[in-house]
Amino acid sequence: MSDTKPAFDRLAAAVTRSPILWGGLASAGFYGLVHAGLLQGEMIQLYFTDHPVEYVATAMFFVALAVLILKAFDIATQHQALHESPLGPPQRRGDAVRNANAMLDRLTRLPAARQTDYLVGRLRDTLEYVRRRGSAEGLDEQMQYLADLDAGRLHASYALVRVIIWAIPILGFLGTVIGITMAIANLADGSGLTEGAVENSIPQVVGGLSVAFATTTQALVLSIILMFAQYYVDKQENALLAEVDQQATVQLDGRFEQMPAGPEGQIVAVRRMAEALIDSTEKLVNRQAELWQQSMEAAATRWNHMADSAGKQLQASLGAALRESMQYHAQQLTNSEKTFAQQSHQRWDTLQQSQSQSIQAMGSLQTSMARQADMLGRAVEAAGSVIKLEEALNRNLASLSGAKNFEQTVMSLAAAIHLLNARLTDSPDGTSPVSLESSQQSPKAA
């Protein structure tokens with residue numbers, strides 16, 4: 001994502017700074033106003049819309065003008081930025097050469113719009129030179145070389161404008177050739193006709209010559225405008241380069257330590273060698289510390305990995321043992337539950353059978369009790385009948401006690417009583433035989 005955004009920013013900057021884009025838009029806007037009727041006039045009709053060559057020349061003019069306008073804005077922006085020091089003030093005793101990396105980082109952190117400035121590019125190239133060589137020797141020659149390169153780039157940046165300035169008169173000359181050819185063709189068509197026909201073809205010949213001269217005039221005027229505009233912009237850019245050379249010299253001249261000639265130079269060289277040795281030793285110590293740190297981190301990582309692996313294995317073993325134990329206990333619990341269920345079922349069946357037998361016994365007892373109650377009732381009724389019979393017999397005995405056939409009657413009654421007692425003896429309730437003896441004594445007995 002961080003690489004995509006700068007690429008997108010560079011693409012957007014290239015599109016927004018494209019002279020072809022802005023020139024095409026300006027040309028389209030100009031002809032839009034012309035064809036909409038907002039820009040009218042005989043001159044515009046003659047020099048801009050009378051022939052396709054004029055359209056092409058106008059479009060090329062707007063592209064070249066866009067190049068010059070964009071460069072003018074860029075020059076003005078760089079002029080304003082020259083008063084700011086991208087590197088900051090130099091030290092009195094000079095910065096060490098190793099500080100070039102920090103200065104390059106500072107230039108890199110500048111806004112993207114300033115990365116293409118002449119001054120920033122000059123400083124960046126010079127600092128890269130110092131960083132590569134590890135010394136500030138030959139810095140003035142390098143700065144002059146970079147100034148010459150910038151001058152060459154400045155001249156090459158106007159290549160498109162120069163080509164257009166050269167091509168527009170060629171287009172005008174092409175329009176002249178086309179116009180003259182049209183005039184000659186119209187004369188040739190009327191050469192074999194009468195004098196009136198030739199006179200009638202003169203306006204067409206004049207129209208062809210008008211196209212020829214109009215395209216040439218337009219091309220020359222547009223070329224002159226572009227040449228003066230290029231001269232002005234080129235002059236401003238050369239002035240900018242001169243200021244860039246001056247600012248680069250101010251920023252870099254004396255900023256880095258340089259080795260003087262003679263014995264002092266040797267002392268400086270030895271000191272630099274000692275500083276380089278110290279830097280190398282410091283880098284070596286830092287590298288060794290980094291290696292130790294990496295080794296310790298790798299060992300810690302390996303130990304953590306081993307601990308994690310052992311923990312996972314222990315967890316897996318405990319989990320497996322716990323699962324087996326739980327499965328065994330679950331199986332035992334299931335078996336116990338089944339056994340208890342079977343025993344409960346058997347006990348419940350036995351209880352149900354006992355309850356059924358008790359219910360049956362109670363039913364039999366209830367039936368027997370009902371039958372005994374019925375027999376008891378009948379016995380009570382028979383006892384009542386016997387009592388009534390006894391009372392009747394007693395009354396009869398009382399009435400017959402005075403009769404002469406008393407003994408025979410008593411014997412008959414005794415036989416009847418014996419017969420009744422025999423029948424009552426057969427009853428299940430064990431009722432005692434009925435006694436018919438009277439409480440009163442007969443006269444005979446008396």
Side-chain angles (χ1 to χ4, degrees), residues 1-14 84-117 119-139 142-143 146 248 251-252 254-259 265-323:
M1 185 67 181
S2 58
D3 296 337
T4 305
K5 187 175 181 181
F8 178 77
D9 293 340
R10 289 194 296 269
L11 179 61
E84 301 176 1
S85 177
L87 301 179
Q91 299 180 4
R92 293 182 179 181
R93 299 178 58 185
D95 294 336
V97 176
R98 61 176 177 270
N99 294 333
N101 291 326
M103 297 178 188
L104 286 172
D105 294 337
R106 186 172 181 177
L107 292 178
T108 305
R109 290 192 298 269
L110 291 175
R114 294 202 58 189
Q115 295 297 324
T116 57
D117 290 355
L119 179 60
V120 175
R122 182 77 59 84
L123 295 176
R124 184 188 300 110
D125 294 339
T126 306
L127 292 174
E128 286 288 347
Y129 170 80
V130 174
R131 184 182 63 82
R132 288 194 304 267
R133 289 177 58 90
S135 172
E137 300 297 330
L139 186 62
Q142 180 66 20
M143 292 177 62
L146 294 176
Q251 292 289 328
L252 297 175
R255 178 175 289 272
F256 298 104
E257 295 179 345
Q258 295 185 2
M259 185 182 299
Q266 296 178 0
I267 295 174
V268 173
V270 172
R271 186 178 65 183
R272 290 184 179 179
M273 291 174 61
E275 291 177 353
L277 180 61
I278 292 173
D279 292 338
S280 300
T281 305
E282 183 178 359
K283 291 179 181 179
L284 181 61
V285 171
N286 292 332
R287 180 59 180 168
Q288 187 66 35
E290 291 177 358
L291 291 176
W292 286 347
Q293 183 67 24
Q294 291 176 1
S295 300
M296 293 175 65
E297 291 178 355
T301 303
R302 190 178 300 108
W303 173 256
N304 292 331
H305 180 68
M306 292 174 63
D308 292 339
S309 300
K312 290 180 180 178
Q313 291 179 359
L314 180 60
Q315 184 178 3
S317 301
L318 290 177
L322 184 60
R323 284 194 298 270

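Heavy-atom basis, side chains included; hydrogens, waters and symmetry copies ignored. Since the model is a prediction, treat every value here as computed from it, not as a measurement.
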**Item:** Distance (rounded to the nearest 0.5 Å) between R302 CZ and S295 OG
**Value:**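 Separation between the atoms: 9.0 Å.
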**Request:** Nearest 0.5 Å please: distance from the CZ atom of R124 over to the CG atom of L119.
**Result:** 10.5 Å
**Request:** Search all heavy atoms of M143 against all heavy atoms of R122 and return the closest pair with its distance.
**Result:** O-NH1, 4.3 Å
**Prompt:** So, Q294 versus E290: side-chain donor-acceptor pair below 3.5 Å or not?
**Reply:**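 There is no such pair (donor and acceptor under 3.5 Å, judged by atom type) between the side chains of Q294 and E290.
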**Prompt:** Checking side chain to side chain contact (heavy atoms under 4.5 Å, CB included) for the pair L318/Q315: CA distance, chi angles, key distance, verdict?
**Reply:** CA-CA 5 Å; L318 290 177; Q315 184 178 3; 5.9 Å; no
**Single hit among H305, K312, M306 for side chain to side chain contact (heavy atoms under 4.5 Å, CB included) with S309** =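 Answer to the side chain to side chain contact (heavy atoms under 4.5 Å, CB included) test with S309 among H305, K312, M306: H305.
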